A.B. asks: 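First the structure, then my questions, so here it is.
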Amino acid sequence: MASGTLADDIRLKLGTLSPAERKVGRVLLAAYPAAGFETVATIAERAAVSAPTVLRFVARLGYSGFPEFQAALRTELDQRNASPLSLYEETGDDIPGDDSAAGLMARSSRLFTTAVAQTLAETPPHDVERAIALLSDRKRRITLVGGRFTHLLAQYLGLHLMQLRGDVHILPGRDVERAAALARLGRRDVLVVFDYRRYESDKMALAQLAQEQGGKVVVFTDTWLSPTSAHAEVVLPSQVTTPSPYDSLVPTLAVIETVVAGLITALGDEAHQHMRHTEDVSRRTGLV
């Protein structure tokens with residue numbers, strides 16, 4: 001049985017599949033997740049393969065048949081669309097273990113430690129390297145945007161970037177300013193998007209716009225993968241396991257700080273000089 005998200009599982013197995021099976025995988029990824037709910041015959045036609053090839057493909061993913069594959073996809077979609085309210089109602093008061101403060105701390109320690117370790121272990125090094133390369137490229141302008149809660153993450157990474165290099169911007173919230181910033185997007189831009197389940201439709205539109213204008217998109221998301229991933233140069237997913245009904249941002253913070261450490265190395269003396277100049281300006285103007 002597939003262990004991660006189906007999209008991740010398909011990507012990981014593409015290199016081990018036959019040429020015909022790879023065609024099936026690419027068709028599913030190209031219109032994920034909707035393509036997975038088509039009939040076997042429709043998927044086979046789109047991939048220009050036989051129906052038995054589609055069935056062999058789902059077997060290679062670990063499923064006993066196509067119905068089991070689609071059932072797993074439905075379960076994944078339920079998880080992708082889960083809200084804090086639905087997660088709360090799903091678990092209710094049925095939280096195992098000691099409900100004392102000490103028990104809560106112990107459970108949190110286990111969950112957060114595992115989530116951070118799993119996130120970092122499952123993040124491909126080449127994706128981190130590519131993110132660092134894009135964000136440290138002095139010729140590129142960086143714009144960051146987040147969602148309901150994740151705007152905090154966008155600001156956190158953005159503030160670090162502002163201390164290390166120039167031409168870094170948080171996407172404005174006011175309509176006129178936001179439209180002006182988006183109209184400027186071009187080939188030298190990098191749009192950094194934070195988008196987690198209950199994905200926000202405007203993030204998809206922003207990523208698509210940046211890509212169409214020739215810019216690069218870096219997406220921080222959860223393991224179910226934001227739809228913006230379809231337009232991204234780099235996708236950095238994180239676990240969101242937490243003791244509460246709210247998704248955890250802790251593993252994403254670990255990824256952000258890993259990227260920041262890489263940026264300091266990549267920018268080298270320029271980062272040092274930029275920090276020194278910023279500190280001097282702050283002192284002279286009474287900001288510190």
Side-chain angles (χ1 to χ4, degrees), residues 1-83 86 118-119 121-127 130 193 195-214 216-240:
M1 186 72 65
S3 56
T5 65
L6 285 175
D8 282 342
D9 233 32
I10 292 170
R11 289 188 187 94
L12 288 171
K13 288 186 170 63
L14 278 179
T16 67
L17 301 174
S18 69
E21 291 165 349
R22 277 199 295 275
K23 291 181 180 179
V24 177
R26 292 192 181 105
V27 164
L28 292 174
L29 289 174
Y32 188 84
F37 293 108
E38 300 281 5
T39 65
V40 171
T42 299
I43 295 172
E45 181 180 356
R46 290 185 179 178
V49 299
S50 66
T53 298
V54 176
L55 297 178
R56 284 196 299 273
F57 171 83
V58 298
R60 293 287 293 273
L61 292 180
Y63 297 98
S64 60
F66 200 68
E68 186 181 22
F69 168 80
Q70 290 189 319
L73 187 56
R74 280 191 291 272
T75 299
E76 182 180 313
L77 282 180
D78 289 340
Q79 294 173 327
R80 282 177 56 145
N81 296 326
S83 68
S86 66
Q118 188 173 350
T119 294
E122 293 177 350
T123 301
H126 63 80
D127 286 336
R130 183 58 179 153
V193 180
D195 194 32
Y196 290 69
R197 62 180 171 181
R198 295 190 83 189
Y199 311 106
E200 299 174 33
S201 58
D202 69 310
K203 304 305 178 295
M204 177 70 163
L206 295 176
Q208 184 174 2
L209 176 65
Q211 185 189 45
E212 288 174 353
Q213 297 303 317
K216 303 297 185 183
V217 181
V218 175
V219 172
F220 289 80
T221 185
D222 50 42
T223 55
W224 296 282
L225 301 183
S226 159
T228 59
S229 301
H231 303 287
E233 174 89 2
V234 178
V235 179
L236 297 172
S238 298
Q239 297 290 323
V240 294

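If you're wondering where the values come from, they're calculated on a predicted model, not measured in any experiment. Throughout, numbering of the chain's residues begins at 1 and tracks the sequence.
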A.B. asks: For S229 and V219, work out which heavy atoms get closest and say how close.
C.D. replies: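 The pair with the smallest heavy-atom distance is OG-CG1, 4.3 Å.
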A.B. asks: Start with the C-alpha distance between T223 and V240, add both sets of side-chain angles, then the distance that settles side chain to side chain contact (heavy atoms under 4.5 Å, CB included), and finish with yes or no.
C.D. replies: CA-CA 8 Å; T223 55; V240 294; 5.8 Å; no
A.B. asks: What do the steps show when you test F220 against V234 for side chain to side chain contact (heavy atoms under 4.5 Å, CB included), and what is the final call?
C.D. replies: CA-CA 9 Å; F220 289 80; V234 178; over 6 Å; no
A.B. asks: Without swapping roles, check the side chain of D222 against the backbone of L225 for a donor-acceptor pair under 3.5 Å.
C.D. replies: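 Side chain of D222 to backbone of L225, a donor-acceptor pair under 3.5 Å: yes, one is there.
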A.B. asks: Please check: side-chain N/O of D195 versus main-chain N/O of T221, any donor-acceptor pairing under 3.5 Å?
C.D. replies: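 Such a contact is absent between D195 side chain and T221 backbone.
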A.B. asks: Please round to the nearest 0.5 Å and tell me the distance separating atom NE2 of H231 and atom CG of L206.
C.D. replies: 11.0 Å
A.B. asks: Rounded to the nearest 0.5 Å, what separates atom OH in Y63 from atom CG in L6?
C.D. replies: 4.0 Å
A.B. asks: Say you draw a straight line from CG of L28 to CG of L73; how long is it, rounded to the nearest 0.5 Å?
C.D. replies: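 Here the interatomic distance stands at 9.0 Å.
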A.B. asks: What pair of heavy atoms forms the shortest contact from D127 to V235, and how long is it?
C.D. replies: OD2-O, 3.9 Å
A.B. asks: Evaluate the criterion side chain to side chain contact (heavy atoms under 4.5 Å, CB included) for residue pair R22 and K13; output intermediate values, then yes/no.
C.D. replies: CA-CA 9 Å; R22 277 199 295 275; K13 288 186 170 63; over 6 Å; no
A.B. asks: About how many Å separate CD of Q208 and CE of M204, when rounded to the nearest 0.5 Å?
C.D. replies: 6.0 Å
A.B. asks: Once rounded to the nearest 0.5 Å, what's the spacing between atom CD of E21 and atom CD1 of I10?
C.D. replies: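 Rounded to the nearest 0.5 Å, the CD-CD1 separation comes to 12.0 Å.
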A.B. asks: Check the pair F57, L17 against side chain to side chain contact (heavy atoms under 4.5 Å, CB included), reporting the backbone distance first and the verdict last.
C.D. replies: CA-CA 8 Å; F57 171 83; L17 301 174; 3.6 Å; yes
A.B. asks: Can you confirm whether I43 sits close enough to V24 that some side-chain heavy atom of one is under 4.5 Å from a side-chain heavy atom of the other?
C.D. replies: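 In short, these two side chains touch, coming nearer than 4.5 Å.
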A.B. asks: For the CD atom on E122, are there more than 12 heavy atoms of other groups (residues, nucleotides or ligands in this structure) within a distance under 6.0 Å?
C.D. replies: yes
A.B. asks: What are the two closest heavy atoms between V217 and Q211, and how far apart are they?
C.D. replies: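 That would be CG2-N, 4.3 Å.
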A.B. asks: I'd like to know if the side chain of R56 reaches the main chain of A51, judged simply by a donor and an acceptor atom lying under 3.5 Å from each other, with no hydrogens or angles considered.
C.D. replies: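 Pair absent, no side-chain N/O of R56 close to backbone of A51.
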A.B. asks: Judged by modelled atom types alone, do T42 and T39 share a side-chain donor-acceptor pair under 3.5 Å?
C.D. replies: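 Yes - a donor-acceptor pair under 3.5 Å links their side chains.
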A.B. asks: Assess whether a salt bridge exists between E38 and R46, defined as any Lys/Arg side-chain N lying under 4.0 Å from an Asp/Glu carboxylate O.
C.D. replies: yes
A.B. asks: Mind listing the closest non-hydrogen atom pair of K203 and V193 along with its distance?
C.D. replies: CB-CG1, 4.0 Å
A.B. asks: For a quick test of reading the model, state the closest non-hydrogen atom pair linking T119 to P237 and the distance between them.
C.D. replies: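 Heavy atoms only, the tightest pair is CG2-O, 3.8 Å.
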A.B. asks: Provide the closest heavy-atom pair for V27 versus A35 in the form atom of the first, atom of the second, distance.
C.D. replies: O-CB, 3.9 Å
A.B. asks: To the closest 0.5 Å, what do you measure between OH (Y196) and OG (S226)?
C.D. replies: 9.5 Å
